[in-house]
Participant: 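Sharing a structure below in C-alpha cells format, with a few things to ask.
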Amino acid sequence: MKKIFILFTVAVLAAGCNKHFEGTDYGKLNGYWEIEKVIMPDGSKKEYGINPTIDYLEVKGTAGFRKKAMPQLDGTYRANDFSENFTIGKEQDKTVLHYNTQYAKWDEELLELTDKELVVRNQHNIEYHYKKPEPFTLK
C-alpha cells in the first residue's frame, strides 16, 4: 500500500511540473532553429547531424509563422515562399502552438523554450528538439 501511495504522489507531482510560458517568452521563438533530435513515443531517438534545411520562426504577440530555410555557403539563409501560420494559446495549463495551413491543422505543445533550445511535442507524442544553428561559412 505504501508503494502505491508513493507512486501516486510522484505521478501527481510530475503532472504538476508543466512549464509555464508567458507572452514575454514567446519572442524567444524568433529566429532560426535547427532540428537536433526527435524522440519517438516508444523512447527511440533519431539524432540529426548536418541539416539541409532549418526552420525560421517569427512571432508577434501570440501569432506567428514558420518557414523552411536553407543555409548558404556564405553563412546566410534562403527561405522559401511557403509559410505555416500558427497562434499560441493555453490549454489545460499547457502552452500550445496551433498550426493552420490550407493543407492541414495540427498542434504542438511547447515543452522547453530558452535562447538556445526549443522542444515541442505533437499530437502523436513525438518530441522535436531544436537548437540555434551555428553559422557555416567557407570564408
Side-chain angles (χ1 to χ4, degrees):
M1 188 69 169
K2 187 175 182 181
K3 288 182 182 180
I4 293 173
F5 176 75
I6 292 171
L7 287 173
F8 176 76
T9 303
V10 169
V12 168
L13 289 174
C17 290
N18 289 337
K19 292 257 184 175
H20 296 282
F21 301 99
E22 302 299 326
T24 55
D25 293 328
Y26 302 153
K28 293 178 183 175
L29 287 167
N30 289 325
Y32 295 98
W33 291 96
E34 180 178 21
I35 189 108
E36 186 174 29
K37 66 183 170 185
V38 174
I39 301 176
M40 303 304 287
D42 66 1
S44 63
K45 295 179 186 176
K46 179 174 181 174
E47 303 279 341
Y48 287 81
I50 298 173
N51 294 302
T53 62
I54 60 173
D55 290 346
Y56 173 77
L57 281 78
E58 189 171 307
V59 176
K60 292 181 181 169
T62 58
F65 66 86
R66 175 170 64 183
K67 285 186 170 197
K68 293 294 182 188
M70 294 183 301
Q72 303 298 297
L73 295 177
D74 64 358
T76 62
Y77 299 95
R78 186 175 50 185
N80 65 20
D81 292 331
F82 180 74
S83 62
E84 301 166 336
N85 294 320
F86 63 86
T87 58
I88 304 171
K90 298 281 188 182
E91 291 184 6
Q92 301 172 353
D93 209 27
K94 297 177 184 178
T95 302
V96 180
L97 305 177
H98 301 284
Y99 284 89
N100 187 4
T101 71
Q102 67 185 43
Y103 305 107
K105 292 181 181 183
W106 70 97
D107 295 334
E108 293 179 339
E109 179 185 352
L110 186 59
L111 300 177
E112 187 70 40
L113 178 59
T114 68
D115 292 332
K116 296 183 180 189
E117 182 182 18
L118 168 63
V119 181
V120 295
R121 182 182 324 143
N122 70 12
Q123 66 269 23
H124 303 294
N125 209 27
I126 300 171
E127 281 187 20
Y128 296 88
H129 293 249
Y130 294 87
K131 64 180 181 178
K132 289 288 185 175
E134 296 290 325
F136 174 80
T137 64
L138 291 178
K139 295 180 182 179

Participant: Can you find a pair of side-chain heavy atoms, one from Arg66 and one from Tyr99, that are under 4.5 Å apart?
Facilitator: yes

Participant: Is the shortest heavy-atom distance from the side chain of Ile88 to the side chain of Leu29 under 4.5 Å?
Facilitator: yes

Participant: Please say which of Leu118, Val119, Thr95 ends up in a side-chain contact (heavy atoms from CB on, under 4.5 Å) with Leu111.
Facilitator: Val119

Participant: Got a sec, which residues hit side-chain contact (heavy atoms from CB on, under 4.5 Å) with Asp107, two or more places apart in sequence or on another chain?
Facilitator: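 Applying side-chain contact (heavy atoms from CB on, under 4.5 Å) to Asp107 gives Val96, His98.
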
Participant: So, using side chain to side chain donor-acceptor pair (under 3.5 Å) as the criterion, who are the partners of Asp115 when residues are at least two apart?
Facilitator: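 Partners of Asp115 under the side chain to side chain donor-acceptor pair (under 3.5 Å) test: none.
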
Participant: Of all heavy-atom pairs between Lys67 and Asn80, which one has the smallest distance, and what is that distance?
Facilitator: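 Residues Lys67 and Asn80, closest heavy atoms: NZ-O, 3.4 Å.
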
Participant: Could you list the residues that satisfy side chain to side chain donor-acceptor pair (under 3.5 Å) with Lys68, not counting sequence neighbours?
Facilitator: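 Result, side chain to side chain donor-acceptor pair (under 3.5 Å) vs Lys68: Asp55.
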
Participant: Checking one residue: Phe82. Which other hydrophobic residues are in its cluster under the side-chain 4.5 Å linking rule?
Facilitator: Tyr103

Participant: Is the side chain of Asn100 donor-acceptor paired with the backbone N or O of Lys105 at a distance under 3.5 Å, no angle test?
Facilitator: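 No, Asn100 side chain to Lys105 backbone: no donor-acceptor pair under 3.5 Å.
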
Participant: Are Met70 and Tyr130 linked, directly or through intermediate hydrophobic residues, by side-chain heavy-atom contacts shorter than 4.5 Å (ILVMFWY only)?
Facilitator: no

Participant: Report the distance from atom CG of Leu57 to atom CD of Glu84, rounding to the nearest 0.5 Å.
Facilitator: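 Nearest 0.5 Å value for the CG-CD distance: 9.0 Å.
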
Participant: Find out whether Ile126 and Met40 are in side-chain contact, i.e. whether some heavy atom of one side chain is under 4.5 Å from a heavy atom of the other.
Facilitator: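 Side chain of Ile126 against side chain of Met40, heavy atoms only: contact under 4.5 Å found.
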
Participant: Salt-bridged, Glu47 to Lys37, with N to O below 4.0 Å?
Facilitator: no

Participant: Roughly how far apart are Lys28 NZ and Lys116 NZ, rounded to 0.5 Å?
Facilitator: 12.5 Å

Participant: Do Tyr128 and Trp106 sit in one hydrophobic cluster, given that two such residues count as connected whenever their side-chain heavy atoms are within less than 4.5 Å of each other, even indirectly?
Facilitator: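 Yes, it is one cluster - the side chains of Tyr128 and Trp106 are joined through contacts under 4.5 Å.
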
Participant: State whether the number of non-hydrogen atoms from other residues, nucleotides or ligands found under 6.0 Å of Asp42 atom CG is greater than 12.
Facilitator: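 Above 12, so yes.
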
Participant: Suppose the criterion is ring-ring contact (aromatic ring centres under 6.0 Å, His included): which pairs have a residue in residues 28-74, not counting sequence neighbours?
Facilitator: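 Qualifying pairs: Tyr32-Tyr56, Tyr32-Tyr77.
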
Participant: Please round to the nearest 0.5 Å and tell me the distance separating atom CG of Leu97 and atom CZ of Arg121.
Facilitator: 13.0 Å

Participant: Please tell me if the side chains of Val59 and Asn30 come closer than 4.5 Å, counting only heavy atoms from C-beta onward.
Facilitator: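 Val59 reaches Asn30 side chain to side chain.
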
Participant: Quick check for you: to the nearest 0.5 Å, what is the distance between Glu109 atom CD and Gln92 atom CD?
Facilitator: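 So the CD of Glu109 and the CD of Gln92 are separated by 10.0 Å.
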
Participant: Could you see if Val120 belongs to whatever hydrophobic cluster contains Ile39? Use Ile, Leu, Val, Met, Phe, Trp, Tyr and a side-chain cutoff under 4.5 Å.
Facilitator: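 Different clusters.
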
Participant: Under the side chain to side chain donor-acceptor pair (under 3.5 Å) test, which residues partner Glu36, sequence neighbours left out?
Facilitator: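 For Glu36 there are no side chain to side chain donor-acceptor pair (under 3.5 Å) partners, ignoring immediate neighbours.
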
Participant: Give the minimum heavy-atom separation between Pro52 and Pro71, together with the two atoms involved.
Facilitator: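 That closest heavy-atom pairing would be O-CD, 3.4 Å.
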
